[in-house]
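Reviewing the structure listed below.
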Amino acid sequence: NDVKKIKNNIINQVNHSVQWIKTIKNLVKNGINKIIEVGPGKVLSALNKKIDKSIEVYNIENMETLQKTIDILK
């Protein structure tokens with residue numbers, strides 16, 4: 001509810017580095033083995049596969065890839 005705090009948090013999130021490798025390794029350690037990237041491109045999916053080859057990655061960019069992912073994960 002604090003507008004100033006929210007604004008500062010958004011600025012910090014955009015301007016500071018992300019602990020992506022640590023995050024993905026922690027997800028895998030906790031049993032996550034499928035990751036879905038939503039949006040254009042496959043940059044994060046490629047990075048995730050470099051971090052841990054056991055991760056199954058799926059990309060959703062449009063209705064076609066959404067349906068394909070749903071069908072695969074059924």
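Excluded from the calculations below are hydrogen atoms, water molecules and symmetry mates; all remaining heavy atoms, backbone and side chain alike, are included.
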Distance-only criterion, 3.5 Å: show the donor-acceptor pairs between side-chain atoms of residues 45-53 and protein atoms not counting sequence neighbours.
residue: Ser45; atom: OG; partner: Glu37; partner atom: OE1; Å: 2.7
residue: Ser45; atom: OG; partner: Asn59; partner atom: ND2; Å: 2.8
residue: Asn48; atom: OD1; partner: Trp20; partner atom: NE1; Å: 2.7
residue: Asn48; atom: ND2; partner: Leu44; partner atom: O; Å: 3.2
residue: Lys49; atom: NZ; partner: Lys53; partner atom: O; Å: 2.8
residue: Lys49; atom: NZ; partner: Ile55; partner atom: O; Å: 2.8
residue: Asp52; atom: OD1; partner: Ser54; partner atom: N; Å: 2.8
residue: Asp52; atom: OD1; partner: Ser54; partner atom: OG; Å: 2.4

Enumerate donor-acceptor pairs with a distance under 3.5 Å from any side-chain N or O in residues 8-15 to protein atoms, sequence neighbours excluded.
residue: Asn8; atom: ND2; partner: Lys4; partner atom: O; Å: 3.4
residue: Asn9; atom: ND2; partner: Lys5; partner atom: O; Å: 3.4
residue: Asn12; atom: ND2; partner: Asn8; partner atom: O; Å: 3.3
residue: Asn15; atom: ND2; partner: Ile11; partner atom: O; Å: 3.3

Side-chain donor-acceptor pairs under 3.5 Å in residues 26-33, sequence neighbours left out?
residue: Asn26; atom: OD1; partner: Asn30; partner atom: ND2; Å: 3.2
residue: Asn30; atom: ND2; partner: Asn26; partner atom: O; Å: 2.8

Working for side chain to side chain contact (heavy atoms under 4.5 Å, CB included), residues Val57 and Ile36: CA-CA 6 Å; Val57 294; Ile36 300 171; over 6 Å; no
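Chaining together hydrophobic side chains whose heavy atoms lie under 4.5 Å apart leaves Val3 on its own. In this structure, Val43 stands alone, with no Ile, Leu, Val, Met, Phe, Trp or Tyr side-chain heavy atom under 4.5 Å from its own, directly or through other members.
When all heavy atoms are compared, the tightest approach of Thr23 to Gln19 is OG1-O, 2.7 Å.
Considering only heavy atoms from C-beta on, Leu73 comes within 4.5 Å of Tyr58 through its side chain.
Not counting sequence neighbours, the partners of Glu56 by the salt bridge (charged side-chain N to carboxylate O under 4.0 Å, His left out) test are Lys34. With sequence neighbours excluded, the residues that form a side-chain contact (heavy atoms from CB on, under 4.5 Å) with Thr65 are Ile60, Glu61, Asn62.
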